[in-house]
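To start, the structure under review is shown below, and the notes come after it.
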Amino acid sequence: MEKTLFLHDLEELDIQNKDVITLYNEISALAMKHAGNMDEFGGYKCAYYLSMEFLIGRSFYNNLMELGVLEETKKILALKGIDINVFEEIEDAALGNGGLGRLAACFLDSAAGLGLPLHGFGIRYKYGLFKQAVENGCQVELPDDWQRFGDPWSVRRDSEKRVIEYADMRVYAVPYDMPVFGEKTNRLRLYQAEGDAGAEKISEYLYPADDTDEGKILRLRQEYFFSAAAVADLVECYVKRHGKNFEKFPEYNVIQLNDTHPVIAVAEFIRLLTTEYRKKFTDALNIAKRTFAYTNHTILPEALECWKEEYVRKILPDIAEIMIKISVFASREYQSLGCTKEQALEMAIFKGGKFYMANLAVYVAKNVNGVAGLHTEILKNRLFATAHKTYPQKFMNKTNGVTHRRWLELCNKELAELIDKTIGNGWRKDISLLSNLNGFTENTVNGFIEVKKIKKRQLLKYIAEKEGMEIPENFLVFAQVKRLHEYKRQLMTAFAILELYYGIKSGKLSNLHPCVFIFGAKSAPSYKRAKTIIRFINAIADKINSDALTNGRLKVVFVRNYNVSYAEKIVAGADVSLQVSTAGLEASGTGNMKFMMNGAVTCGTMDGANIEIVERAGLENNYIFGATVEELANIKKAGYNPAVCVSDPAHKQAVETLTDGTFSDGGSGEFKELYECLLHGENPDGYFVLHDLGSYVQTLISICNDYVNNKKFAEKQLINVANSAYFSSDRTIKEYAEHIWKI
Ligand code: 26V
C-alpha cells in the first residue's frame, strides 16, 4: 500500500458536518485507492475456495490493520476529534451462519497473510444472516440490510458480468470483488444476481426458508448460480491464457468445495467442457478429478444435501443428465475396485430418484478432508467407509484454525502487546513462535491477570450498554456462544445453571464463587426446538437475575444478535469457554480455538477440536467431562434410558421446571413438548443431555472452586495461549497448500 499517500490524504480529509457513515465510506475509499491492485486469476497456479458463505464480520478495522495503518489512522482521527470506535456502529457483513462461513473468511485472511494465492467465490446476498431481537424471551428475526452503510470495500465489475442459464430463466451474475489484504492482495468475488424480479431473488437471502418446494428450488438455483459463474470465470481465464487443451487445467487451478453446497460445480465444469469445448465426457471427468477437492463439515444426516431428481430436471436438465452419467461411472468404478453391488449402491450418486451431493463430491474429488482428527476418523470409518476403503489415499485430515490476526491481534491488543513484551513480536508473522511463551515468569502471569481484567471490564461494560445488565467484575465469566443446535447442548447448560441456582438457594453451594453465564446464539428461523431452548434460557435468566437472594452470586445473560463483532469482545473477556457438544457430533468447532487463543480454559467434551486443544494445552489446564464417542456407542447398544438419570433429585428438579409451572411458555405448550422429547418418545434425549448433566455440574463447581486461586487459574489460562499456535489458520492453510492445493 502507498502508506504515506493514504496518511497524507487522511490528514487532508475534511470532516466538517459529515456523519459516521459518510466518514466510514470516505476513509475506506481512500484505503482502497492506495491499497494497490488485487491479484489476477490464473497467471500461475491458484486455489479457489467455493463457498455459499463468507462470514466476514466488520471490515473497517481489520482492513486498516492488515494494511498497517490502523494505529496511525487512530491518531490522525483523534487529532480531528474523532474516536475511531465510532465506526463500531457500522455493522458486519454477515454473509454466513456460523462456523463454516467464518472458517472461509479466516482461510482467506491467512492465505493473504502468508502470500499464498487463494481466492474466494460466493454470493453477494442482499440480506445477510437475520438480525436477532428477543421479544418475551423469544427470538424474532429482522432483515439484515448490511448495504445501507454502503459497501466501500467492493468493486463492481460490470464488464465481467455473465449470463447464467436455467431451463426456465436467464440471470446475470455480476461480480463484486473484495480485496483480502496481507502479504498479497487476494480476491473474494461475490456474485449478485440481476435481471427481472425473479432473477434478483436468487441473491436476496442467505438460506431462504426451505420448508416448501419453492424454497428448495431457490436454494438449488443459488448453488448453481455462483458455482456456474465461478467455473465459467476460471475456464474462460484458462482458455485466454493457455488455449483449449484442458489437460493442463489442473496445473493452474485447484477448486476447493466448502461442504456440499458448491458440489454442483463439478457437473457444470463437465457440462462446459463437453458442450462448449467439445471434449469427451471421460476426458472432462478425468480433468475434474484432478481439479476438485472437497471438505466435509458435518456428519449430521439432515445437513447432508440431496436433491430430488424432479427439482434438478425442472431447472437444470443438462446437469441432471451429467450427474446421472457420473453416477454410472462411479458405480462401475467402485465395483471394478472390489466393492460389492451393495457397497457401490451405498456410495451411489443417484439412487431412489435423488442426487447425493456428498457422494458425488467424494467420488470426483482428488482429496476429501474432515476438519478435526476425530471427525476425519468418523468420515473414514463410518460415513464414507466404503469410499475410504476404495480410495484410501484421497482421505486426509485438516484440523481447522482461526486467523490470529482478527482473533488475537485485533480483538485483544492488550494481550498481543503483553506477548510482544515477553517474547518479541515475531509471532505476529510466524505464529509458531507463540510457543516461546511457555515457561513464562511470574511477571508475565501478573501481566496476564491485568490484561484479563481489562478485557473483562470492556466486555461487561459493553453488555451493560447493550443488554442493560450490570455484572460485577469479580464474577467468573462462562461463555457459550455459537449457533443454537440441540447437539451443541445449550439446553444442558441451562439445566446445569438451574442446579447451581437451586444449590445456592438451598445453601448446599453457599460458598460458590460468583459467576455469570453468557449465551449468544441464533436459531435457524424454522428450527422450532432450538427456538424453544432460547425461550427457556431467557426464562431462566429472568428468574435468576431477579432473585435478590442469589443474584449476587449467579447471573445469566442471553446477548441479543450474537455476531462476529460481539464474538470479538466475548472471546477476549471470558474466563471459561463452554464446548459441550455430544461427543462425535461437533465436526471441529472454531469458537473453542478463539477462546483458547485469548486465554479462556475449555470446559468441554471429548469432541471435535477440543480433543486436540487439550492434547496441546494439557488436560490439567482444561476441564473435560462427559461420555466419549466410544462410551456413547456402548450406552446406545445397551439401550439408553434417560429416565434413570432423572432419578437424581437435583436433575429432576431442574428438568421438571419445564412442566411444574416454574416457567411460562406463554401457553404454547412448547416447554412440555421439550420435556416429553427428553424423557419419552421414540428416541428420548437423543443428544444425551441428561446423561452428561451430572458430570457437567460437578465440573462447573470445580471450576468455580479453582478460580478462587486466581494466580493458579491464570497460569492455566496462559498455558492455553502459549499452546494455541497450532490453531492459527496460518497452520491450516499451509497444510492445505502443501498437501492438497500444491500452490
Ligand atoms: C447445518 C444444519 C442445517 C439444517 C439443520 C441441521 C444442521 C446441522 C448442521 C449444519 C452444519 C452445516 C455445516 C457446518 O456449518 N459445519 C460446521 O463447520 C465448522 C467449520 O468446519 C465446524 O467447526 C463445525 O463444527 C461444524 O458444525
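Whatever order the structure lists them in is the order used to number ligands and atoms, beginning at 1. Bear in mind that the values here come from a model prediction, so they are computed numbers and not experimental data.
- Listed by number with element, the atoms of ligand 1 under 4.0 Å from a non-hydrogen atom of V371 are 21 (O).
- Between the NE2 atom of H680 and the CG atom of D685 there is a distance of 12.0 Å, given to the nearest 0.5 Å.
- Between the side chain of E615 and the backbone N or O of E612 there is no donor-acceptor pair closer than 3.5 Å.
- Taking a cut-off of under 4.0 Å to the non-hydrogen atoms of A303, the atoms of ligand 1 that pass are 1 (C), 2 (C), 7 (C), 8 (C), 9 (C), 10 (C).
- At the top of the distance list for atom 15 (O) of ligand 1, counting protein heavy atoms only, stands L100 CB, 3.3 Å.
- Remark: side-chain polar atoms of T602 are not paired, donor with acceptor, to backbone N or O of G604 under 3.5 angstrom.
- Within ligand 1, counting atoms from 1 as listed, the ones closer than 4.0 Å to a heavy atom of E302 are 6 (C).
- Closest non-hydrogen pair, N62 versus R406, comes out as CB-NH2, 3.5 Å.
- When the options L585, N296, N400 are ranked by their closest heavy atom to atom 20 (C) of ligand 1, first place goes to N400.
- The distance from the OG1 atom of T532 to the CZ atom of F671 is 7.0 Å, given to the nearest 0.5 Å.
- Considering only non-hydrogen protein atoms, atom 17 (C) of ligand 1 sits nearest to H297 O, 3.6 Å.
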Verdict with supporting geometry, T399 and N397, side-chain hydrogen bond (donor to acceptor under 3.5 Å, both in side chains): CA-CA 6 Å; T399 298; N397 177 244; 2.9 Å; yes

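- Between A524 and ligand 1 there is no heavy-atom distance shorter than 4.0 Å.
- From the protein, the heavy atom lying nearest to atom 24 (C) of ligand 1 is E586 OE1, 3.3 Å.
- Considering both main-chain and side-chain atoms, D259 never comes within under 3.5 Å of ligand 1 through any nitrogen or oxygen pair.
- Ion pairing of K594 with E568 is absent here, as no side-chain N (NZ or NE/NH1/NH2) approaches a carboxylate O to less than 4.0 Å.
- Cation-pi check for K522 over F130 is met; the charged atom lies under 6.0 angstrom from the ring centroid and within 45 degrees of its normal.
- Residue G589 places at least one N or O, backbone or side chain, under 3.5 Å from an N or O of ligand 1.
- Taking 4.0 Å as the cut-off between side-chain N and carboxylate O, R731 and E735 count as a salt-bridged pair.
- Considering L300, D210, N97 only, the shortest heavy-atom separation from atom 8 (C) of ligand 1 involves L300.
- Those atoms of ligand 1 with a heavy atom of A587 less than 4.0 angstrom away are 25 (O).
- Only the side chain of R483 comes within 4.0 Å of ligand 1, counting heavy atoms alone; its backbone N, CA, C and O stay farther away.
- The distance criterion of under 3.5 Å between nitrogen or oxygen atoms is not met by T298 with respect to ligand 1.
- Using a cutoff of 4.0 Å between basic side-chain nitrogens and carboxylate oxygens, E223 and R219 are scored as salt-bridged.
- For ligand 1, one of its N or O atoms has an N or O atom of Y487 under 3.5 Å away.
- Using a 4.0 Å threshold on non-hydrogen atoms, atom 4 (C) of ligand 1 does not count as touching the protein.
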